[in-house]
Amino acid sequence: MLKSKFTSLLMQWHKKSNRREMPWKGEKDPYKIWLSEIILQQTRVEQGWNYYERFIKKYPTIQQLAKAKDEEVFKLWEGLGYYNRCKNLLITARFISKELNGKFPNNYDKIILLKGIGPYTAAAISSFAFNLPYAVVDGNVFRVLSRVFGIETAIDSNEGKKEFTKLADEVLDKKNAGEYNQAIMDFGATICKPVSPSCSSCVLQKNCNAFKEGKVNLLPFKEKVLQKKHRWFYYFLMQHDNKILVHKRNQKDIWENLFEFYLFESSEQIKWNNQLVQEWLNEQFAIKSAEVVSVSAILAQQLTHQKITGQFIKVNFKKVPTSLQHYKWLVIKKLNGLAFPKFINQFLEKEIV
DNA sequence: AACGCGGGGCA
DNA sequence: TGCCCAGCGTT
C-alpha cells in the first residue's frame, strides 16, 4: 500500500470511528501530558488511568510535584511497577522547577534530554503539547506498521528499531502530528490488537500485507526469548515494642526504592518451621530472647522476568540484638505510609501485623 | 548492543 | 502459563 494512502485511511478512521476517551486526551498542558506518558510506559491505559487522576489531584502543577517528599510520591506510585519511572519523575520535576523556572521545554531536542524520557515520550510530548512533527513508536506502532506493510524485521533488534522509526516518520501526517499519533495508537489498541485483531471490521484490511499473506498472527516478530529467574524471599517481620524493622531497597534489583522487611533470600526453597526459625535466629543474632510468632503460608508472585516465592515470618524480640540496632525501626502504625512491593502488600492486606 | 525492570489482563 | 502493554536507563 502507498504510504500516503495508509495515512489518509488511518486519519479517516480516527475522525469517523474512534471514540476512545481518556482523561489526558486533548490536554495541552505539557506537565499533564508528560505525567500521563510516564505513567503509561509499558502500562495499559486502564491500569494507569486512576494513577494519573490521583497524581493530578494531589499535584496539579509541576512545582507542587517538585516540592513533594520522595516517600509520599512513591506511595502514590505504589503498585504501578517499574519504579525507576517514579524516581526519574521526581528528578525531572525538580530539574524543571528549579533550573527551568517551572517551564517545560518546548522542543524535542531539549525534551529528550530529560530523565525518564526517551524517543517515544519525547515524540508524544512534542506532538501532543506543541504539535511538532515527531512520530511516536510504541508497541502499537510496531504492530500496526509491521502488519500493514508486512515487515518481518525483529522489533526488538537495533535494526528493527531503526527501520520502524524511519517508516513511522514517513507515514506521519506532519501537519497533524498529535492527531495522527493518537490515531495510530488507538487503532493498534482497539482494532489491530496483539491477540485476535478485528480484521473483519478493519478499514485497512484490503491493503494489509499481513492479512493478505495470512501472517497477522506472526507479526510483529520478536527474536529474543525471555529468561525467567526463580527466587525465594523469606521476610522476617522483626518486631519490638510496637516497632518493626523496615529497610529501603537500594540495590540495582527489583523494587529499588521500595520498602521491605528483613530479607533472607535463598536460591532454593527452605522448609521453615518454628524450630528451624528459632535455630536460625539463635545462630544469626546469638540471642535467645526472640519469640517466633508465626510462619505464613507460602506466597508467590509472577513478575515479567522473575518468579518470587516466599514466606513471612513474625518474630518478637524482647531485646533488639546489637547487629540490628543500626537498621530502621518503624512504629507499626506508620507502615501504611511507606510504599511496598505487591508481594509484601498481598501479605499485609490480609494480615494484621 | 544486550539486559533488567512490575503488575495486570487476556486467551 | 505465556504474552503484551502509550519504554527507558545502564553497562
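Keep in mind that what you see is a predicted model, and the values were worked out from it rather than measured. Residue numbering restarts at 1 for every chain, and letters A, B, ... go by the order of the sequence lines. Hydrogens, waters and symmetry mates are skipped; everything else that's a heavy atom, side chains included, is used.
- At least one test fails for A:R85 against the ring of A:Y82: distance under 6.0 Å to the centre or angle within 45° of the axis.
- For residues 140-160 of chain A, proximity to DNA chain C is found at A:N140, A:R143, defined as any non-hydrogen atom under 4.0 angstrom from a strand atom.
- Residues that satisfy the ring pair (Phe, Tyr, Trp, His ring centres under 6.0 Å) test with A:H230, not counting sequence neighbours, are A:W232.
- Although no hydrogens or angles enter the test, the distance criterion places a donor-acceptor pair under 3.5 Å between the side chain of A:N181 and the main chain of A:Y134.
- At a non-hydrogen distance threshold of 4.0 Å, A:M22, A:W24 from residues 22-30 of chain A come into contact with DNA chain C.
- Applying the side-chain contact (heavy atoms from CB on, under 4.5 Å) rule to A:S198 yields the partners A:I191, A:K193, A:S201; only residues at least two apart in sequence or on another chain are considered.
- Here the range on DNA chain C touched by chain A, meaning any atom under 4.0 Å from one of its heavy atoms, is C:dC4 to C:dT10.
- Between A:F347 and A:F312, the two ring planes are parallel [angle under 30°; tilted spans 30° to 60°].
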Mind listing the N/O atom pairs, protein and nucleotides 9-11 of chain B, below 3.5 Å?
none

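- Scanning residues 245-256 of chain A for heavy-atom distances under 4.0 Å to DNA chain B yields A:D253, A:I254, A:W255.
- Under a 4.5 Å side-chain heavy-atom cut-off, the cluster of Ile, Leu, Val, Met, Phe, Trp and Tyr residues that includes A:F211 is completed by A:V216.
- Contact check of residues 172-187 of chain A against DNA chain C (heavy atom, cut-off under 4.0 Å) returns A:Q182, A:M185, A:D186.
- Using atom C1' as the reference point in both C:dC5 and B:dG6, the two lie 12 Å apart (nearest Å).
- For A:E279, the side-chain contact (heavy atoms from CB on, under 4.5 Å) test picks out A:Q275, A:L276, with sequence neighbours left out.
- Using cut-offs of 30° and 60° on the angle between ring planes, the pair A:F236 and A:Y262 is perpendicular.
- A heavy-atom distance below 4.0 Å to DNA chain B is reached by none of the residues of residues 109-135 of chain A.
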Please list, one pair per line, the donor and acceptor atoms closer than 3.5 Å that link side chains of residues 95-115 of chain A to other protein atoms, with sequence neighbours excluded.
{"from": "A:N107", "atom 1": "OD1", "to": "A:D109", "atom 2": "N", "distance (Å)": "3.2"}
{"from": "A:N107", "atom 1": "OD1", "to": "A:K110", "atom 2": "N", "distance (Å)": "3.1"}

